[in-house]
Amino acid sequence: MNNIDTMSVNAIRILSADAIQKANSGHPGLPLGCAPMAYELWMNHMNHNPADPEWANRDRFILSGGHGSMLLYSLLHLFGYGNLSKEDLMQFRQLGSMTPGHPEYGHTVGVEATTGPLGAGMGMAVGMAIAEAHLAEVFNKENYPVVDHYTFALGGDGCMMEGISSEAFSLAGTLGLSKLIILYDSNKISIEGDTDMAFTEDVQKRMEAFGFQTLMVEDGNDLEAIGKAIEEAKADTERPSFITIKTEIGYGCPAKQGKASAHGEPLGVENVAALRDNLGWPYEEAFYVPDEVYDHFKAASAEKAETEAAWNVMFAAYCEEYPEMEALWKQYFDGDAAVSEQLMADESFWAKTDKAEATRSLSGKVINRLKDLMPNLMGGSADLGPSNKTVMNGIGYFSRDDRAGRNMHFGVRELAMTAIANGMLLHGGLRTYVATFFVFSDYVKPMARLSALMQIPQIFVFTHDSIGVGEDGPTHEPVEQMAMFRSMPNFHVFRPCDAVETAAAWYSAVASEKTPTALVLSRQNLAPVAGSSREALKGAYVLDDCDGTPELILIASGSEVELAVKAKEILVAEGRKVRIVSMPSMDVFEEQSAEYQESVLPKAVRRRVAIEALGGFGWGRYIGLDGAAVTMTDFGASGPAKVLFEHFGFTAEHVAEVARSL
């Protein structure tokens, strides 16, 4: 390691230690141990341009061990990303700063994904590699490799213990994603101590079994060995690569090096001083980096800008020779608004059906309509495509042998499926959806939360939405899941009652720019509902009204809207004035004006009944203290759907009885 390399690596270490110490909070162990591998990768093996952080053909880097965020912030600062200043580093972990505790996508320039939950970054890296492989197949022409880049992810023992990593890596190996390269910070330390307490497997053999090329670097400070391993990884065009790099957590700090205490707490003033002495860092001033180091990074950034400039020249020639591909590129990367406009103006998209159909089947028809309007739409299911009705007909499956396929076989991997789809969406150029049974959304939720946190418009198709699942019984009958998703910030949930509302749900999902959308769909057939309309785009609307002011409001979603209609018939025959409100999306309704909300649910009408064959949590805000809810209070049972609905009180007669009692 020559002098400028040594100084640069140590600058990363010192900036990280100083920021964590000033904040009196953070994780110094990873930055100190991983600084050499990160420096070598970013400086010598990764195509990126700090002056254009969103360059389409940049290599992607994800810090899966997001607790080590100061490693990433130090790199971004030294390379000059987004003018991330020394003052920004000094505000590490402070309210409103550009350097939050864990990297946040869309907040700090140069951060490719929000990481923190261990292993999530590994799943998103797999998704980015899938996106690269698919887009390369679509766009590349002879002499024009316009999509040609790598995805790198760095994580440690915690990432490797989490099940999501195994799920994602298993699929990555199956698909032969050769441009995916994982850097494994192997320091054998976790928060509680030596990893031998709970983690003794041979990780290399596991990764080899997944189908990865496995490489080993014995000394995490050996830049030459690290660089050689990265180039060897790139040379394998058949398999993804996994590089184990043996490091010492907290390297350079005599009192902390190799110890669990280096993981998640500041080093302490005396230990930071000892770190400087031990590394031979002669500058006592906190956050000080000599000009020669800044100049070194500045020169590297200039060279990397030239790499993009050469790509831009090639891309311009490509567009001139293939104008149809230029148009397709714009459609992939900038075409969502045009699709939304086309759908809104297409009356056939909003047409009612004349027969009873499950909303999962109606959704499947929409997907197969969208596939032609959106050539960049990719998605699939956790091995439930035929049941979820999420297969795009006539379009192949993305695989090792067919990179052009747009259907995804995710396998039985709900958690990794969602992280992978997030990565595909983050990559750019694609719109994605994932699917499973609603009850298994429990496996999806942690990564759906990241979708919402990152403000990316991921689409979730959840079918078999209630006790209508029937004979499969309570293990497959969702109850509390709806409340879980409705409670999540920046997340839309639609439970449509028929074809028109299903179209509205899909339209909202496709038109969304920053909010994920879940479509919660029935297994059983639902009759078309008179009065349903694209007003569903407002989340809730008056589906069927009465003359004058109603004395009673029935509020329902999904399969229970038809039930509300039948209950109204009984109540009207008794001389009661009843309004029916269809509420496919509480979340969207809450975004409407106070005036609109009052027009649908007048505060003066206090006698209200909510009807939904799911848990009742959350309905209180709409029915108040004077209302009632016909909802589930336990986990369901095994039996024919019709029998279960009657057993649990989802009948027009029971709804009418509850309404009378108010």
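Numbering starts at 1 and runs along the sequence shown. These figures come from a predicted structure and were not determined experimentally.
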Can you name the nearest heavy-atom pair linking [X] to [Y], along with the distance?
X    : Y    : answer
F199 : V203 : CZ-CG2, 3.6 Å
A125 : T151 : O-CG2, 3.5 Å
P36  : N221 : CG-OD1, 3.3 Å
A136 : V147 : CB-O, 3.5 Å
L71  : C34  : CD2-CB, 4.1 Å
P240 : A172 : CG-O, 3.9 Å

Do the rings of [X] and [Y] sit parallel, tilted or perpendicular, given the 30° and 60° boundaries?
X    : Y    : value
H149 : H427 : parallel
F139 : F333 : tilted
H492 : F494 : perpendicular

Donor-acceptor pair, distance only, cut-off 3.5 Å: does the side chain of [X] make one with the backbone of [Y]?
X    : Y    : value
R360 : S387 : yes
S441 : F438 : yes
N368 : G364 : yes
T108 : V111 : no
Y332 : P375 : yes
T418 : E414 : yes
Y73  : P100 : yes
K234 : H45  : yes
R400 : E238 : yes
T436 : A382 : no

Within this structure, what is the [atom1]-[atom2] distance for the pair [X] and [Y], rounded to the nearest 0.5 Å?
X    : Y    : atom1 : atom2 : result
R413 : F169 : CZ    : CZ    : 12.5 Å
Q213 : I243 : CD    : CD1   : 8.0 Å
K445 : L415 : NZ    : CG    : 11.5 Å
M424 : H134 : CE    : NE2   : 7.5 Å
M374 : Q331 : CE    : CD    : 9.5 Å
L377 : I459 : CG    : CD1   : 7.0 Å

A side-chain contact here means heavy atoms from C-beta on lying under 4.5 Å apart; do [X] and [Y] qualify?
X    : Y    : answer
L75  : Y81  : no
W42  : L78  : no
Y433 : L370 : no
L76  : V109 : no
M314 : V146 : yes
E112 : P103 : no
L180 : F212 : yes
M378 : R431 : no

Donor on one side chain, acceptor on other, [X] and [Y], under 3.5 Å:
X    : Y    : answer
S166 : R206 : yes
Q455 : N490 : no
S74  : S16  : yes
D157 : T195 : no
T99  : D88  : no
N422 : S451 : yes

Does [X] have its ring centroid less than 6.0 Å away from the ring centroid of [Y]?
X    : Y    : value
F210 : F242 : no
F485 : F462 : yes
H48  : F79  : yes

Apply side-chain contact (heavy atoms from CB on, under 4.5 Å) to residues F410 and L171 and explain how you reach the verdict.
CA-CA 7 Å; F410 286 110; L171 184 59; 4.2 Å; yes

So does [X] have more than 12 non-hydrogen atoms from other groups sitting under 6.0 Å from [atom1]?
X    : atom1 : value
R449 : CZ    : no
N83  : CG    : no
E224 : CD    : no
E201 : CD    : yes
K514 : NZ    : no
E324 : CD    : yes

side-chain contact (heavy atoms from CB on, under 4.5 Å) between T244 and T214: does it pass, once the steps are laid out?
CA-CA 8 Å; T244 296; T214 56; over 6 Å; no

Please determine whether a side-chain nitrogen of the Lys or Arg among K179 and D59 lies less than 4.0 Å from a carboxylate oxygen of the Asp or Glu.
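Judged by the 4.0 Å cut-off on N to carboxylate O distance, K179 and D59 do not form a salt bridge.
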
For M447 and Q458, what are the C-alpha separation, side-chain angles and deciding distance, and is it a side-chain contact (heavy atoms from CB on, under 4.5 Å)?
CA-CA 10 Å; M447 296 303 105; Q458 191 61 264; over 6 Å; no

Please determine which of H107, M124, E104 meets the side-chain contact (heavy atoms from CB on, under 4.5 Å) test together with T114.
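Option passing the side-chain contact (heavy atoms from CB on, under 4.5 Å) with T114: E104.
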
Would you check, one step at a time, whether the test ring-ring contact (aromatic ring centres under 6.0 Å, His included) holds for Y507 with F349?
CA-CA 10 Å; Y507 176 87; F349 180 74; 7.1 Å; no

Do I456 and Y105 pass the side-chain contact (heavy atoms from CB on, under 4.5 Å) test, and can you show the C-alpha distance, the side-chain angles, and the key distance before you say yes or no?
CA-CA 10 Å; I456 56 175; Y105 171 77; 4.0 Å; yes

For H77, the option from F297, Y294, F92 that meets ring-ring contact (aromatic ring centres under 6.0 Å, His included):
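In the set F297, Y294, F92, the residue that makes a ring-ring contact (aromatic ring centres under 6.0 Å, His included) with H77 is Y294.
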
